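One structure below.
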Amino acid sequence: MGLTYEDFLDLSYEPRDSDLVCRFRIDPADDQTMESAASRVASESSNGTWAALDTGEDFTDMGATAFAIDGDEIGVAYPPGLFEPGNMPQILSCIAGNIMGMKAVDTIRLLDCEWPREVVEGFTGPGFGSSVREEIFGVEDRPITATVPKPKVGLSTKRHAEVGYEAWIGGLDLLKDDENLTDQSFNPFADRLAESFDARDRAQEETGEVKSYLINVTADTQTMLERTDMVAEAGGEYVMVDVVTTGWGAVQTVRDRCEELGLAIHAHRAMHAAFDRLPHHGVSMRVLAQISRLVGVDQLHTGTAGLGKLANEDTVGINDWLRSDLYGMRDVLPVASGGLHPGLVPKLLEATGPNICVQAGGGVHGHPEGTEAGARALRAAVEAAVLDEPLEVRAQESPELGAALEKWGTE
Ligand SMILES: O=C(O)[C@@](O)(COP(=O)(O)O)[C@H](O)[C@H](O)COP(=O)(O)O
Ligand SMILES: [Mg+2]
């Protein structure tokens, strides 16, 4: 039985329910047609190669099938047996591996995946998902709020904890480390953990509200496990991981440890744009979000529906997928962050709904009266927005909100 590229194209093939179905946008090279390029995508991402192969008898055919061509998009179906159960790096080495560099296509983008039960069941998924709102904060009717101390790095541990205290006292739920703050000499991880949780405990005492901290444990896998254990010992509820830069295998290992310790995972997506920014190449944020849910993060940055400072891809569509039914797997709480300030909250919630986390760094610490006032303004904006109360009206009883609107407006 020979195996050639042509064996991987069958436009009459109906994907089985158990197939992982991927949709790609491709731009065939000059010497290729959509059909020939599609067959090469299916072949090189499963078990084929450029030369005709004699597979002999002792062979399990786990070849994928390019079964649909629709304009510049193709559909490829993968048998579940091609994949090692629960091994995300292996799956990506198939569907986003060598094909990203094939000469047969000038560009190729993995747009979307339909994940079958057979593949999903290999993954634990999130431990909490959006239930963090109720289970950790006892909040049901509003977004949870977070702030990142700014400047991103460089604050001393003492100042970092003070900023956290001011933000929590001002009404925010979460303090969050920036994606590039880990264990630097000016703000060591262990000291930051201890002093920030001291501040957290005082703020909880004074406000009567539950407060928490998204401390960034990002590092090599062994170090992340050690830091995750330290967070549990300190009475934390969360760890934050830069999931794209650490890698999906490492995230799966941290997820297993968090399962044992009862911790939730906040996923920062720094570097995602290296994969998803160009519309014709790479891996879409939609697929990165799908991967994140499968490997088990509870919160994930998905953008600001175009309102903030960063380029966003389909925030609302991605959020809908993160909440969609996936064979009983828990959902993921979307995090809106990046250039947000109180004036943008109504438009944001109009686009995303209240079941999100709203993060503002500059939009809190840049407030004319400082961090605590910035926090009060954000909390007031969120509470007004869920009630459809105009911010200008709420500003009459919240001078901090008034000052924020005066400084940043509502655009
Ligand atoms: O460093 C920053 O820019 C932020 O801390 C936001 O700060 P500001 O609130 O001060 O803008 C976040 O890392 C980005 O939002 C990440 O992007 P995304 O959420 O799109 O993944
Ligand atoms: Mg940041």
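Positions are given from 1, in the same order as the sequence printed here. Values below: every heavy atom of this structure, side chains too, minus hydrogens, waters and symmetry copies. Numbering of ligands and ligand atoms starts at 1, following listing order. It should be emphasised that the depicted structure is a prediction, and the values quoted were computed from it without experimental measurement.
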Applying side-chain contact (heavy atoms from CB on, under 4.5 Å), name anything that partners Tyr13, two or more places apart in sequence or on another chain.
Asp10, Pro15, Arg16, Asp19, Thr65, Phe67, Ala77
Option from Ile265, Leu300, Asp298 for which side-chain contact (heavy atoms from CB on, under 4.5 Å) with Pro126 holds
Asp298
Side chains of Asp61 and Asn47: donor-acceptor distance under 3.5 Å anywhere?
yes
Would Thr145 and Asp173 count as having a side-chain donor-acceptor pair, cut-off 3.5 Å?
yes
Quick test of your reading: applying side-chain hydrogen bond (donor to acceptor under 3.5 Å, both in side chains), list the pairs with at least one residue in residues 125-137, sequence neighbours left out, ordered by first then second residue.
Ser130-Asp331, Ser131-Glu135, Ser131-Arg330, Arg133-Asn355
Taking side-chain hydrogen bond (donor to acceptor under 3.5 Å, both in side chains) as the criterion, tell me which of Glu195, Arg200, Glu206 meets it with Tyr165.
Glu206
Could you go through Thr157 and Asn187, starting from their C-alpha distance and side-chain angles, then the distance that decides it, and tell me whether this counts as side chain to side chain donor-acceptor pair (under 3.5 Å)?
CA-CA 5 Å; Thr157 300; Asn187 194 350; 2.8 Å; yes
Note on the Mg ion (ligand 2): protein N/O/S atoms within less than 2.8 Å are Asp178 OD1, Glu179 OE1
Check the side chains of Gln290 and Asp112 for a donor-acceptor pair under 3.5 angstrom, ignoring hydrogens and angles.
yes
Which atoms form the tightest heavy-atom contact between Val210 and Ile136, and what is the distance?
CG1-O, 3.1 Å
For ligand 1, would you mind listing the residues that have at least one heavy atom less than 4.0 Å away, ordered by chain and number?
Val148, Lys150, Lys152, Asp178, Glu179, His268, Arg269, His301, Lys309, Leu310, Ser337, Gly338, Gly339, Gln359, Ala360, Gly361, Gly362
